[in-house]
Amino acid sequence: LVQLVESGGGSVQPGGSLRLSCVASGYSYKRYCMGWFRQAPGKEREGVGSIYVGGDRTFYADSVKGRFTVSQDNAKNTLYLQMNNLKPEDTGMYYCAADLRLPETAASCFPNPGKWNAYWGQGTQVTVSS
């Protein structure tokens with residue numbers, strides 16, 4: 001059973017930082033896509049950042065480039081999202097996801113929620129407000 005469990009969300013002032021974690025279990029693949037998505041109230045789910053596991057490529061939405069960093073610790077089966085210089089528009093529920101299909105290309109791992117056949121975590125709330 002594939003399980004993804006997020007943690008690390010919270011409330012922070014604009015300009016602050018948070019680090020989200022996602023512990024994965026229930027599978028063992030060498031090459032697949034893993035990433036972070038978010039959804040604000042009344043809006044569709046959007047991709048934030050992702051990684052081609054086994055290919056060492058990362059991808060980011062334009063809105064977070066230079067501020068967010070996706071990384072992984074294979075020994076701990078954990079995916080991270082370091083978020084710096086947070087803005088109010090970053091507020092939302094953040095979800096970890098894994099698409100375990102073998103990627104056709106590295107670009108297949110770009111965090112497009114409409115193209116991933118994803119397993120999802122339960123989400124962790126991030127609120128950026130003064």
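Bear in mind that the values here come from a model prediction, so they are computed numbers and not experimental data. All heavy atoms count here, side chains included; hydrogens, waters and symmetry mates do not.
- Taking CZ from F68 and OG from S63, the interatomic distance works out to 7.5 Å, rounded to the nearest 0.5 Å.
- Residue Q72 comes nearest to L79 through the heavy atom pair CB-CD1, 4.2 Å, listed as atom of the first residue, atom of the second, then distance.
- Transitive grouping of hydrophobic side chains (ILVMFWY, heavy atoms separated by less than 4.5 Å) brings V12 and M83 into a common cluster.
- Of the possible donor and acceptor atoms, one in the side chain of Y60 sits under 3.5 Å from a partner among the backbone N and O of V70.
- If you look at F37 and W116, their ring centroids are closer than 6.0 Å.
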(request) Start with the C-alpha gap between C96 and M34, add the side-chain angles, then the distance that decides, and say whether side-chain contact (heavy atoms from CB on, under 4.5 Å) holds. (result) CA-CA 8 Å; C96 173; M34 203 165 182; 3.9 Å; yes
Atom pairs and distances, side-chain donor-acceptor, residues 14-25, under 3.5 Å, sequence neighbours left out:
| from | atom 1 | to | atom 2 | distance (Å) |
| --- | --- | --- | --- | --- |
| S17 | OG | N84 | OD1 | 3.0 |

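- For the atom pair CH2 (W36) and OH (Y94), the distance works out to 10.5 Å, reported to the nearest 0.5 Å.
- In the displayed structure, E104 atom CD is contacted under 6.0 Å by at most 12 heavy atoms of other residues, nucleotides or ligands.
- A donor-acceptor pair is defined here as one N or O able to donate and one able to accept, closer than 3.5 Å; no such pair exists between the side chain of T124 and the backbone of S7.
- Taken to the nearest 0.5 Å, the CE atom of M93 stands 8.5 Å off from the OG1 atom of T127.
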Pairs under 3.5 angstrom only: tabulate donor-acceptor contacts from the side chains of residues 40-55 to other protein residues two or more places apart or in another chain.
| from | atom 1 | to | atom 2 | distance (Å) |
| --- | --- | --- | --- | --- |
| E46 | OE2 | R38 | NE | 2.6 |
| E46 | OE2 | R38 | NH2 | 3.2 |
| S50 | OG | C109 | O | 2.5 |

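- Of the possible donor and acceptor atoms, one in the side chain of D99 sits under 3.5 Å from a partner among the backbone N and O of N117.
- Counting heavy atoms of neighbouring residues, nucleotides and ligands inside a 6.0 Å radius, atom OH of Y29 does not exceed 12 of them.
- Here salt bridge (Lys or Arg N to Asp or Glu O under 4.0 Å) pairs that include residues 65-85, with residues two or more places apart or in two chains, are D62-K65, R67-D90.
- The side-chain heavy atoms of L102 and Y32, taken from C-beta on, include no pair separated by under 4.5 Å.
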